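Down below is the structure, laid out as structure tokens.
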Amino acid sequence: VQLQASGGGLVQAGGSLRLSCAASRRTFSGYAMGWFRQAPGKEREFVAAISGTGANTHYTDSVKGRFTISRDNAKSTMYLQMDSLKPDDTAVYFCAASLNYLYTDPPKYLYWGQGTLVTVSS
């Protein structure tokens with residue numbers, strides 16, 4: 001599975017961005033999908049994940065109520081709607097595919113996109 005993330009950019013604090021992750025395979029719905037982020041000098045951290053059908057989601061505490069993960073299996077695409085952005089959200093955001101939406105550990109994800117940079121100014 002090849003994944004390509006897009007939608008990053010520069011936004012002021014309190015603003016919104018929507019990230020997209022396009023997948024190459026028709027079996028997209030067979031994979032749980034997740035978003036991770038990595039800030040400069042920090043380890044890659046889990047942000048959110050969604051089950052193959054889209055019925056179940058999982059978020060890290062720091063983004064609950066602000067970020068929404070979703071997917072459109074007909075388009076083989078996953079999204080991350082980010083609202084009320086904070087400077088601490090600044091990072092490179094990666095999308096990834098796994099076999100279980102409850103996974104939060106990067107090594108459990110099988111396929112990765114190249115990342116898209118999100119910068120939130122104060």
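Quick caveat: nothing in here was measured; it's all calculated off a predicted structure.
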Please list every donor-acceptor pair under 3.5 Å in which a side-chain atom of residues 114-122 meets a protein atom from a residue at least two apart or in another chain.
{"unit_1": "Q114", "atom_1": "OE1", "unit_2": "A5", "atom_2": "N", "d": "3.3"}
{"unit_1": "Q114", "atom_1": "NE2", "unit_2": "A5", "atom_2": "O", "d": "2.9"}
{"unit_1": "T116", "atom_1": "OG1", "unit_2": "G8", "atom_2": "N", "d": "3.0"}

Is it true that F94 and M78 fall in one hydrophobic cluster, defined by side-chain heavy atoms closer than 4.5 Å? no

Which residue pairs pass the disulfide (SG to SG under 2.5 Å) test when at least one of the two sits in residues 30-63, sequence neighbours left out? none

Face-on cation placement of R71 at Y79 ring, 6.0 Å and 45° thresholds: no

Step through the shown structure and confirm whether more than 12 heavy atoms of other residues, nucleotides or ligands are within 6.0 Å of CD on Q4. no

D72-T77 side chain donor-acceptor pair, cut-off 3.5 Å: no

Test log, rule ring pair (Phe, Tyr, Trp, His ring centres under 6.0 Å), inputs F46 and F36: CA-CA 4 Å; F46 171 79; F36 288 77; 5.7 Å; yes

Beyond-backbone contact of I69 with H58, side-chain heavy atoms, under 4.5 angstrom: no

Any non-hydrogen side-chain atom of R44 less than 4.5 Å from a side-chain atom of W112? yes

Output yes when K86 and D89 qualify as a salt bridge under the 4.0 Å nitrogen-oxygen rule, no when they do not. no

Under 4.5 Å between side-chain heavy atoms, hopping through other hydrophobics if needed: is there a path connecting V1 to M33? yes

Using side-chain heavy atoms (C-beta onward) and a distance below 4.5 Å, is L17 in contact with L85? yes

Measuring only between side-chain heavy atoms, which start at C-beta, is L99 closer than 4.5 Å to Y31? yes

Beyond-backbone contact of Y101 with N56, side-chain heavy atoms, under 4.5 angstrom: yes

E45 and T60: side-chain contact (heavy atoms from CB on, under 4.5 Å), yes or no, with the steps? CA-CA 9 Å; E45 66 170 355; T60 192; 5.6 Å; no

Only pairs at least two apart or in different chains count here, so list each disulfide (SG to SG under 2.5 Å) that has a residue in residues 90-122. C21-C95

Side chains of K75 and F28: closer than 4.5 Å at any heavy-atom pair? no

Could you give me the CA-CA distance, side-chain angles and deciding distance for L19 and M82, then say whether side-chain contact (heavy atoms from CB on, under 4.5 Å) is met? CA-CA 8 Å; L19 305 183; M82 304 187 295; 3.7 Å; yes

Flag side-chain contact, heavy atom, 4.5 Å: Y59 against D61: no

Would you please test K108 and D105 for salt bridge (charged side-chain N to carboxylate O under 4.0 Å, His left out) and show each step? CA-CA 6 Å; K108 291 191 173 181; D105 192 13; 5.9 Å; no

Rounded at 0.5 Å granularity, tell me how far OH in Y109 sits from OG in S98. 4.0 Å

Count I, L, V, M, F, W, Y as connected when their side-chain heavy atoms are under 4.5 Å apart, and connections chain through other members. Are V47 and Y111 then in the same cluster? yes

Closer than 3.5 angstrom, by distance alone: can the side chain of R18 be matched with the main-chain N or O of Q81 as a donor-acceptor pair? no

Any side-chain heavy-atom pair of L80 and Y93 under 4.5 Å: yes

Is Y103 reachable from L3 through a run of I, L, V, M, F, W or Y residues, each pair having side-chain heavy atoms under 4.5 Å apart? no

